Amino acid sequence: MSPADALLSWFCAHARDLPWRGAGASPWPVMVSEFMLQQTPVARVLPYFTQWMRQWPTPADLAAASPADVVRAWDTLGYPRRALWLHEAAATIVDAYGGEVPADYSALRRLSGVGDYTASAILAFAFGVRIPVIDTNVRRVWWRWELGQDDAAVQPRVEHAALERWLPADGHRAAQVSLAIMEFGALICTARTPLCTQCPIAETCQWRERGYPRPATRVRPISKRYEGSDRQARGRILAVLRRTADATELTAQTVNWQDPGQFERAVSSLANDGLITQVRENVWKLPD
DNA sequence: CAGGCGTGGCT
DNA sequence: TAGCCAAGCCT
């Protein structure tokens, strides 16, 4: 049995029932879910997705909303620029594609917030196009199973070609295989503590064959501390504006931020991102 | 293209 | 507990 077939039958038995999948899945819900799922766990997305689709069932509905409403609805889902990107993408879909999510890679890539992964995911999951969908899960599964290592520097084209070989000829079945690999990576072949005793493709796994080697110690401990970071400052400022309906006085003092210089940088970057709009000196609001 | 971008759960 | 990790994207 090929790894794709094995993962597919595992998926049939263990797939989570998620609202953006299955018979009810149409392009717009798929697109909304993919935006929300960027760097964000499924469990955290679920309630936001449900509420969001209830509030804005179509691209036209979302396009008609104000950025302020959109940012408030995004709440603490994280990376709030995604909310603006989705809003802008909805407007483009209405203006340029008659309100329908385009089934075309180049058109999708031109939408704000849509990169290679998201474009591929929409094509595969919403339209049944046979195209590899390569996210962090798929990449990790492939690295381990075929290359026998937990980390690798592989050219995107090589990766793409290799994973295309996993896909059956039929586009809808190929999409199911991609979903299966992603689900498998999310639930079994996880980054930190993989559940190899439950693995349906262990027999042919090169990583297992080699004794589960871990990547060499990183050259740099790149991760920065969140506490006291610019990101935390941005988050603090936006949190204040989300819960105030009108224009609000924003100073380092009013948002309880220690470093005034850092506070100013955070305000400037938020404004630069279009997440906040200045009303007058020290007074800001979410954009109309 | 390396770095910046939220938030919260888990080990 | 402090760091790792989570369906990436943009500049």
Side-chain angles (χ1 to χ4, degrees), chain A residues 11 15-16 18-21 25 29-49 71 74-86 88-89 108-126 131-142 150-151 153 155-156 163 175 178-187 189-195 214-215 217-242 262 265-266 268-276:
Chain A
F11 185 61
R16 290 169 292 185
L18 302 175
W20 48 84
R21 286 182 187 160
V30 168
M31 180 167 161
V32 170
S33 72
E34 291 302 340
F35 270 69
M36 290 185 169
L37 288 163
Q38 290 168 4
Q39 298 284 283
T40 309
V42 166
R44 194 135 66 90
V45 165
L46 277 170
Y48 286 96
F49 174 82
V71 169
W74 200 263
D75 192 50
T76 57
L77 193 51
Y79 292 133
R81 287 183 299 174
R82 290 182 296 169
L84 295 183
W85 292 337
L86 183 56
E88 188 181 333
L108 288 168
R109 283 301 310 272
R110 274 183 258 116
L111 298 174
S112 59
V114 177
D116 175 66
Y117 163 76
T118 301
S120 303
I122 292 170
L123 285 178
F125 304 150
I131 183 174
V133 182
I134 305 175
D135 75 329
T136 183
N137 289 308
V138 173
R139 191 166 285 122
R140 182 177 58 248
V141 169
W142 179 64
D150 204 21
D151 196 359
Q155 303 233 335
L163 281 160
S178 292
L179 276 180
I181 303 170
M182 291 172 68
E183 192 83 338
F184 171 67
L187 299 182
C189 194
T190 57
R192 188 78 79 92
T193 53
L195 306 174
R214 285 295 183 167
T217 53
R218 303 242 175 231
V219 183
R220 292 285 166 109
I222 315 167
S223 66
K224 287 184 176 180
R225 175 167 270 90
Y226 180 68
E227 193 70 23
S229 66
D230 287 11
R231 295 163 78 154
Q232 188 187 33
R234 285 169 54 105
R236 178 81 59 85
I237 292 163
L238 216 48
V240 169
L241 286 184
R242 273 198 308 264
Q262 187 180 40
R265 280 202 308 280
S268 295
S269 71
L270 285 169
N272 191 53
D273 288 343
L275 283 163
I276 66 175

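Below, chains carry the letters A, B, ... as their sequence lines are ordered, and counting in each starts from 1. Note that this is a predicted model, so its numbers are computed, not measured.
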Would you say that [X] contacts [Y] through its side chain, given a criterion of any heavy-atom pair below 4.5 Å between the two side chains?
| X | Y | value |
| --- | --- | --- |
| Tyr48(A) | Met36(A) | yes |
| Val138(A) | Val133(A) | no |
| Phe125(A) | Met182(A) | yes |

Query raised in the report: At what distance, to the nearest 0.5 angstrom, does CZ of Arg82(A) lie from CZ of Phe35(A)?
Result: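 The CZ atom of Phe35(A) is 9.5 Å from CZ of Arg82(A), to the nearest 0.5 Å.
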In whole Å, what is the span from the [atom1] atom of [X] to the [atom2] atom of [N]?
| X | N | atom1 | atom2 | answer |
| --- | --- | --- | --- | --- |
| Arg81(A) | dT7(B) | CZ | P | 12 Å |
| Asn272(A) | dT11(C) | CG | C1' | 10 Å |
| Phe125(A) | dA7(C) | CZ | C1' | 8 Å |
| Arg109(A) | dC10(C) | CZ | C1' | 11 Å |
| Arg265(A) | dC5(B) | CZ | C1' | 15 Å |
| Arg16(A) | dA6(C) | CZ | P | 12 Å |
| Leu86(A) | dC10(C) | CG | P | 13 Å |
| Gln38(A) | dG4(B) | CD | P | 20 Å |

Which part of the nucleic acid, if any, lies within contact of [X], taking any heavy atom under 4.0 Å across all strands shown: a base, the sugar-phosphate backbone alone, or nothing?
| X | value |
| --- | --- |
| Phe35(A) | nothing |
| Arg139(A) | nothing |
| Ala43(A) | nothing |
| Leu238(A) | nothing |
| Thr136(A) | sugar-phosphate |
| Ile134(A) | nothing |

Has [X] got a side-chain N or O lying under 4.0 Å from the OP1 or OP2 atom of [N]?
| X | N | answer |
| --- | --- | --- |
| Gln39(A) | dG8(C) | yes |
| Arg225(A) | dG3(C) | yes |
| Arg21(A) | dA7(C) | no |
| Tyr79(A) | dG8(C) | no |

Looking at [X] and [Y], would you say the former's side chain and the latter's main chain have a donor-acceptor pair under 3.5 Å?
| X | Y | answer |
| --- | --- | --- |
| Thr190(A) | Leu187(A) | no |
| Arg242(A) | Asp75(A) | yes |
| Gln232(A) | Arg225(A) | no |
| Ser229(A) | Tyr226(A) | yes |

Query raised in the report: Below 3.5 Å, does any donor atom in the side chain of Thr40(A) face an acceptor in the base of dG6(B), or the other way round?
Result: yes
Query raised in the report: Which residues in residues 112-121 of chain A have at least one heavy atom lying under 4.0 Å from any atom of DNA chain B?
Result: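 Within this stretch, nothing sits under 4.0 Å of the strand.
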Query raised in the report: Do Arg234(A) and Asp273(A) meet the salt-bridge criterion of a basic N to acidic O distance under 4.0 Å?
Result: yes
Query raised in the report: Quick one: which of Met31(A), Glu34(A), Arg109(A) gives a side-chain contact (heavy atoms from CB on, under 4.5 Å) with Thr118(A)?
Result: Glu34(A)
Query raised in the report: When syn is taken as a glycosidic angle within 90 degrees of 0, is dA7(C) syn or anti?
Result: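 Chi for dA7(C) falls in the syn range.
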Could you tell me how far [M] sits from [N] if I compare only their [atom1] atoms? Round to whole Å.
| N | M | atom1 | result |
| --- | --- | --- | --- |
| dC5(B) | dC1(B) | C1' | 16 Å |
| dC5(C) | dT1(C) | C1' | 16 Å |
| dG6(B) | dA6(C) | C1' | 12 Å |
| dC9(C) | dG8(B) | P | 23 Å |

**Report entry** Residue list, side-chain hydrogen bond (donor to acceptor under 3.5 Å, both in side chains) with Gln39(A), at least two apart or on another chain
**Finding:**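 Partners of Gln39(A) under the side-chain hydrogen bond (donor to acceptor under 3.5 Å, both in side chains) test: none.
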Report task. For Phe184(A), enumerate each residue passing the ring-ring contact (aromatic ring centres under 6.0 Å, His included) test, keeping only those at least two apart in sequence or located in another chain. Result ->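 So Phe184(A) forms a ring-ring contact (aromatic ring centres under 6.0 Å, His included) with Trp10(A).
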Polar-atom pairs under 3.5 Å, protein N or O versus N or O of nucleotides 8-11 of chain B: list them with distances, or write none.
none

Report task. Decide yes or no on salt bridge (Lys or Arg N to Asp or Glu O under 4.0 Å) for Arg21(A) and Glu183(A), but give the supporting numbers first. Result -> CA-CA 12 Å; Arg21(A) 286 182 187 160; Glu183(A) 192 83 338; 2.6 Å; yes
Query raised in the report: Starting at the 5' end of DNA chain C and moving along, which residue's nearest nucleotide shows up first, Val42(A) or Trp85(A)?
Result: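 On the 5' side of the pair lies Val42(A).
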Report task. Treat a base pair as Watson-Crick or G-U wobble with both distances under 3.5 Å, then lay out DNA chain C in dot-bracket form, 5' to 3', with | for cross-strand pairs. Result -> .|||||.||||
Requested in this report: Could you list the residues that satisfy salt bridge (charged side-chain N to carboxylate O under 4.0 Å, His left out) with Arg236(A), not counting sequence neighbours?
Outcome: none
Query raised in the report: Arg231(A) side chain: which of dA6(C), dG4(B), dC5(B) is closest?
Result: dC5(B)
